[in-house]
J.: 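My questions will all concern the structure given below.
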2 protein chains.
Amino acid sequence: MTDDDRVFKALADPSRRFLLDLLFARDGRTLTELESELEMTRFGVAKHLKVLEEAGLVVTRRSGREKLHFLNAVPIRQIHDRWIDKYTEHQITTLIDLKRTLEEES
Amino acid sequence: MTDDDRVFKALADPSRRFLLDLLFARDGRTLTELESELEMTRFGVAKHLKVLEEAGLVVTRRSGREKLHFLNAVPIRQIHDRWIDKYTEHQITTLIDLKRTLEEES
DNA sequence: TTGACATGTGACCCGATGGTCACATAACTT
DNA sequence: AAGTTATGTGACCATCGGGTCACATGTCAA
């Protein structure tokens, strides 16, 4: 399994994306704290976090018996750079900003 | 199945990512042309293209009996914006540029 | 209009993946 | 030391997803 394969497979599951959302909002949480946010057993959450960590989307640091989880956005940026060049990036961000503005007005 | 679920599921397969790479290099190709680039039957490729289209990553235009395929990078940018804010974006692009520079020197 | 070309559909097989549980290790507390 | 808390492991099962094939529709060219 290649590196990018691990990243995309990791992102393919909604529970794992939700975990990234949680860490994006606030970093450095433990498994137990994250578990309380999902309707799933601890084992399921641990399995998902392992997948995210092996993909490099989450990095961890041990603190005693706790394991702290942090979001690493570098692989996300690399996905972006794979299919969006500098020129297209400007067009697309302009388009998305315009769309957002129109939606706010309505 | 939600919209973003369709996008991430679509990106989870290496053959589909390769199809996006092909369309990123050159747009407007037909199924038959794309098929010749993959080691897979036409049916497999057609199935993958359908998944990409339903995810909005590929848009199509009919021209007679041919169907032309185009890359749409908007969903890719939205993935980026979900987990990378303006502040982090600057840090990360700097980091990636630095990494690239170092690799070129060695 | 007849044949060749480009694409579409539904069923099928099989390996991969999500979620759970029983069990286990390690660290803090009193 | 003993109980509690935080996390790790391997097996198990149900479902999903990738790839193929037989068959079908629609379009072009002579």
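Reckoned from all heavy atoms, side chains included, excluding hydrogens, waters and symmetry mates. To find a chain, count down the sequence lines: A is the first, B the second, and so on, and within it residues start at 1.
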J.: In this structure, how many angstroms lie between the C1' atom of C:dG8 and the NE2 atom of B:His69, rounded?
T.: 12 Å
J.: For B:Leu49 and D:dG19, what is the distance between atoms CG and C1' respectively, to the nearest whole Å?
T.: 14 Å
J.: Closer to the 5' end of DNA chain C via nearest nucleotide, is it B:Leu68 or A:Glu39?
T.: B:Leu68
J.: To the nearest 10 degrees, what angle separates the axes at the start and end of the helix from C:dT1-D:dA30 to C:dT30-D:dA1, five pairs each?
T.: 30°
J.: For the pair made of CG in A:Asp5 and C1' in C:dA16, what is the distance, rounded to whole Å?
T.: 12 Å
J.: Compare the minimum distances between each of C:dT17, C:dG18, D:dG19 and the side chain of A:Lys9, then state the nucleotide with the smallest one.
T.: C:dT17
J.: Quick one: B:Glu35 CD to C:dG8 C1', roughly how many Å, whole number?
T.: 14 Å
J.: Do A:Arg16 and A:His48 meet the criterion of a side-chain donor-acceptor pair at a distance under 3.5 Å?
T.: yes
J.: Nearest whole angstrom, please: distance from the P of D:dT5 to the CD of A:Glu33.
T.: 17 Å
J.: To the nearest 0.5 Å, what is the distance between CG (B:Leu19) and CD (B:Glu37)?
T.: 9.5 Å
J.: Atom CG of B:Leu38 to atom P of D:dT20: distance rounded to whole Å?
T.: 10 Å
J.: Kindly indicate whether the side chain of B:Asp97, heavy atoms from C-beta on, has any atom under 4.5 Å from the side chain of B:Arg100.
T.: yes
J.: Check this one for me: any side-chain N or O of A:Thr32 less than 4.0 Å away from OP1 or OP2 of D:dT5?
T.: no
J.: Please report the closest heavy-atom contact between A:Asp4 and B:Arg17, naming both atoms and the distance.
T.: OD2-NE, 3.5 Å
J.: Would you kindly confirm whether A:Met40 and A:Val51 end up in one hydrophobic cluster when ILVMFWY residues are joined by side chain heavy atoms under 4.5 Å apart?
T.: no
J.: Between atom CG in B:Asp13 and atom C1' in D:dG19, what is the gap in whole Å?
T.: 10 Å
J.: Among C:dG18, D:dT20, D:dG18, find the nucleotide with the atom closest to the side chain of B:Met40.
T.: D:dT20
J.: What's the closest nucleotide to the A:Arg16 side chain, out of C:dG19, C:dG18, C:dG8?
T.: C:dG18
J.: If we ignore angles and hydrogens, is there a donor and acceptor under 3.5 Å between the side chains of A:Thr88 and A:Asp85?
T.: yes
J.: Using the side-chain heavy atoms of A:Thr41, tell me which of these nucleotides is nearest: C:dG19, D:dG19, C:dT20.
T.: C:dT20
J.: Taking only side-chain N and O atoms of A:His48, does any of them lie within less than 4.0 angstrom of OP1 or OP2 on C:dG19?
T.: yes
J.: In the structure I gave you, are the side-chain heavy atoms of A:Glu33 and A:Arg26 within less than 4.5 Å of one another anywhere?
T.: yes
J.: Restricting to nitrogen or oxygen on both sides, can you table the protein-nucleotides 23-30 of chain D pairs closer than 3.5 Å?
T.:
residue	atom	partner	partner atom	Å
D:dT27	O2	B:Arg65	NH1	3.4

J.: In whole Å, I'd like the distance from the CE atom of B:Met1 to the P atom of D:dT15.
T.: 17 Å
J.: Could you tell me if the side chain of A:Leu20 sits less than 4.5 Å from the side chain of A:Leu52, heavy atoms only?
T.: yes
J.: Check the side chains of B:Thr30 and B:Glu66 for a donor-acceptor pair under 3.5 angstrom, ignoring hydrogens and angles.
T.: no
J.: I'd like to know if A:Lys47 reaches the base of C:dG19 with its side chain, counting only an N/O donor and acceptor under 3.5 Å.
T.: yes
J.: Applying the 4.5 Å side-chain criterion to the ILVMFWY set and letting contacts propagate, would A:Ile79 and B:Phe18 be lumped into a single cluster?
T.: yes
